Amino acid sequence: MKHLITLADWTSEDVESVLELAAKVKAKPGKYAGMMAGKTLLMVFEKPSLRTRVSFETGMTQLGGHAIYYDMSTSPLGAGKETIEDTVQTVSRYVDVIMARLFEHDAAERMAASSSVPVINALTNYSHPCQILADLQTIKEMKGRLAGLKLAYLGDANNNVTHSLMFGCALTGMNISIGCPVGADYSPAQKVIETAMSLAIKDAEVEVTHDARQAARDADIVYTDSWMSYHIAADKLEERVRVFTPYQVNADLMGLAAPDAIFMNCLPAVRGYEQTADVIDGPQSVVFDEAENRLHVQKAVMLRLLDLA
Ligand code: CP
Ligand code: NVA
């Protein structure tokens, strides 16, 4: 495990061991302070961010290293003057680890292929592995285990977070039930479903249904994500609100889940769209715990990719 481009490239053991390290990093951050002394993280952003940018930069500070924020629109790459390969071969001579938030997943793969240092995918249109590692850490904290639980995902399922959840659940033996509208624009592609199923341990199941209530029934975790991901054009709003509204997570849907179910959203969230305010601001919501865990798990990912812990 040299890079983190998609969880589908990692094994169940890789995920388990990073989650174990993340729990240790969270419990005793001082033990890891200074482990990145003299090291530099380059953070390339082609899209907006709050959590990813601030948690990676803070994590690097806490580990004794330095992080550079690099807005892709100010780069020769963003201006169409330089290739991904030349960019990455150059920065590999300066920095120790690269993270990138990009539109095209293929661009993240090309970065990894031409880099001599680890590359971390900080979200592409196709996947968001750092988020799902933080989510798994959160679920493990709340439920004491992962294997055998049921996670219900509602809403936009042709989506980076959904894809990574499918892989993360499969790799940890969790059952995932996806409730999403009919149509390729809103459902996971067959190839993604097959990839998730090929990763599954402990008979973990991957279900896609167009019935929101079926997906939510008896779930231990109810998860939703933005209907208007960063790469979705603003003029799609009206159509998407209409299509996704039957999949909104509200009190009625939460009532179908297990009584002790937790509610998750990777954030940013819009109250009244993918979930109602009473759900995200209610007692079952753990959205800020999952946001916090971005910090801890990403420190663990960097330490592990650099073979420092
Ligand atoms: N969840 C997440 O990745 O948030 P940001 O877009 O704010 O980084
Ligand atoms: N699916 C969302 C996740 C945001 C963290 C997006 O791509 O915008």
Side-chain angles (χ1 to χ4, degrees), residues 1-11 13-15 17-18 35-49 51-53 55-57 59-60 63 65-133 159-161 163-164 167-168 171 189 191-192 195 198-199 229-231 294 297-309:
M1 132 202 184
K2 179 160 187 268
H3 305 290
L4 176 54
I5 301 301
T6 161
L7 286 176
D9 294 339
W10 278 25
T11 64
E13 291 73 28
D14 292 335
V15 172
S17 105
V18 159
M35 280 196 177
M36 288 276 191
K39 304 220 181 286
T40 302
L41 165 70
L42 178 68
M43 309 191 298
V44 181
F45 280 92
E46 200 179 12
K47 290 176 177 173
S49 172
R51 282 145 288 271
T52 303
R53 180 192 173 171
S55 59
F56 263 106
E57 190 164 338
M60 203 55 186
L63 292 168
H66 177 70
I68 299 171
Y69 173 76
Y70 193 43
D71 175 350
M72 197 148 127
S73 69
T74 65
S75 71
L77 173 60
K81 304 281 185 200
E82 193 157 30
T83 64
I84 288 177
E85 286 73 17
D86 286 358
T87 302
V88 171
Q89 286 187 80
T90 302
V91 297
S92 289
R93 305 281 181 110
Y94 306 142
V95 306
D96 302 279
V97 52
I98 299 168
M99 61 131 281
R101 167 163 286 197
L102 305 166
F103 286 94
E104 299 308 323
H105 189 72
D106 172 64
E109 288 174 339
R110 284 173 59 194
M111 279 191 174
S114 45
S115 178
S116 57
V117 300
V119 177
I120 300 169
N121 175 0
L123 182 149
T124 60
N125 294 358
Y126 175 76
S127 85
H128 195 4
C130 295
Q131 178 64 53
I132 275 54
L133 289 173
N159 170 294
N160 41 24
V161 166
H163 296 160
S164 295
F167 303 150
L171 286 164
K191 192 161 181 283
V192 178
T195 301
S198 75
L199 300 170
S229 284
Y230 293 127
H231 63 282
R294 295 291 302 277
V297 89
Q298 288 160 188
K299 286 165 75 177
V301 167
M302 291 191 288
L303 289 167
R304 191 49 56 82
L305 291 177
L306 292 178
D307 225 359
L308 296 170

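Keep in mind it's a predicted model, so treat the numbers as computed, not measured.
- Of all the heavy atoms in Met99 and Ala122, the pair that sits closest is CE-CB, 3.3 Å.
- Note that the NE2 atom of His3 and the CD atom of Glu109 stand 11.0 Å from one another [nearest 0.5 Å].
- Checked options Tyr69, Tyr70, Phe56; the residue passing with Phe45 is Tyr69 (criterion: ring pair (Phe, Tyr, Trp, His ring centres under 6.0 Å)).
- If you take OG on Ser116 and CD1 on Ile98, they are separated by 7.5 Å, rounding to the nearest 0.5 Å.
- Here the side chains of Val95 and Val97 are not in contact, with every heavy-atom distance at 4.5 Å or above.
- Using modelled atom types, one side-chain atom of Arg304 and one backbone atom of Ala309 make a donor-acceptor pair closer than 3.5 Å.
- When all heavy atoms of Ala112 and Val119 are compared, the pair lying nearest together is CA-CG2, 3.8 Å.
- Closest heavy-atom contact between Leu303 and Met36: N-CE, 3.9 Å.
- When all heavy atoms of Cys130 and Ile120 are compared, the closest pair comes out as SG-CG2, 3.5 Å.
- Remark: side-chain polar atoms of Trp10 are not paired, donor with acceptor, to backbone N or O of Ile5 under 3.5 angstrom.
- Residues Met302 and Leu41 form a side-chain contact, since some pair of their non-hydrogen atoms from C-beta on lies under 4.5 Å apart.
- Between the His66 side chain and the Thr40 main chain, no donor and acceptor come within less than 3.5 Å of each other.
- Side chains of Ser55 and Gln298: a donor-acceptor N/O pair is present below 3.5 angstrom, by distance only.
- For the pair Ser49 (side chain) and Thr52 (backbone), a donor-acceptor distance under 3.5 Å is present.
- Atom CG of Leu305 is separated from atom NZ of Lys2 by 9.5 Å, given to the nearest 0.5 angstrom.
- Without hydrogens or angle criteria, Ser114 side chain to Gln89 main chain gives no donor-acceptor distance under 3.5 Å.
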Task: salt bridge (charged side-chain N to carboxylate O under 4.0 Å, His left out) between Glu85 and Arg110, worked out - done: CA-CA 7 Å; Glu85 286 73 17; Arg110 284 173 59 194; 2.8 Å; yes
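- Looking at Ile132 and Phe167, their side chains never come closer than 4.5 Å, going by heavy atoms from C-beta outward.
- Contact record, Ser164 with Leu7: O-CD1, 3.8 Å, taken as the closest heavy-atom pair.
- In this structure, Thr6 and Pro129 have side chains that are not in contact, with every pair of non-hydrogen atoms separated by 4.5 Å or more.
- Judged by distance alone, the side chains of Asp14 and Thr11 do bring a donor and an acceptor atom under 3.5 Å apart.
- In this structure, the side chain of Arg101 does not engage the main chain of Lys47 through any donor-acceptor pair within 3.5 Å.
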TODO: Evaluate the side chain to side chain contact (heavy atoms under 4.5 Å, CB included) criterion for residues Val117 and Asp96: first the C-alpha distance (whole Å), next the side-chain angles of each, then the deciding distance (0.1 Å), finally the verdict.
DONE: CA-CA 6 Å; Val117 300; Asp96 302 279; 5.5 Å; no
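- Here CE of Met60 is found 9.5 Å from CD1 of Ile68. Values are rounded to the nearest 0.5 Å.
- Judged by distance alone, the side chain of Asn160 and the main-chain N or O of Thr124 form a donor-acceptor pair under 3.5 Å.
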- [ ] Let me see the working for His105 and Asn125 under side chain to side chain contact (heavy atoms under 4.5 Å, CB included), right down to the final yes or no.
- [x] CA-CA 6 Å; His105 189 72; Asn125 294 358; over 6 Å; no
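- A heavy-atom distance below 4.5 Å is not found between the side chains of Thr83 and Leu77.
- Of the possible polar contacts, none joining the His128 side chain to the Val161 backbone as a donor-acceptor pair under 3.5 Å is found.
- By the 4.5 Å heavy-atom criterion applied to side chains, Val192 and Tyr126 are counted as neighbours.
- Glu46 contributes no side-chain N or O that, together with a main-chain N or O of Met72, makes up a donor-acceptor pair within less than 3.5 Å.
- Nearest heavy-atom pair across Glu82 and Thr87 is CG-OG1, 3.7 Å.
- With hydrogens and angles ignored, the 3.5 Å screen pairs a side-chain donor or acceptor of Thr74 with a backbone N or O of Asp71.
- Side-chain polar atoms of Asn121 and Ser127 form a donor-acceptor pair below 3.5 angstrom.
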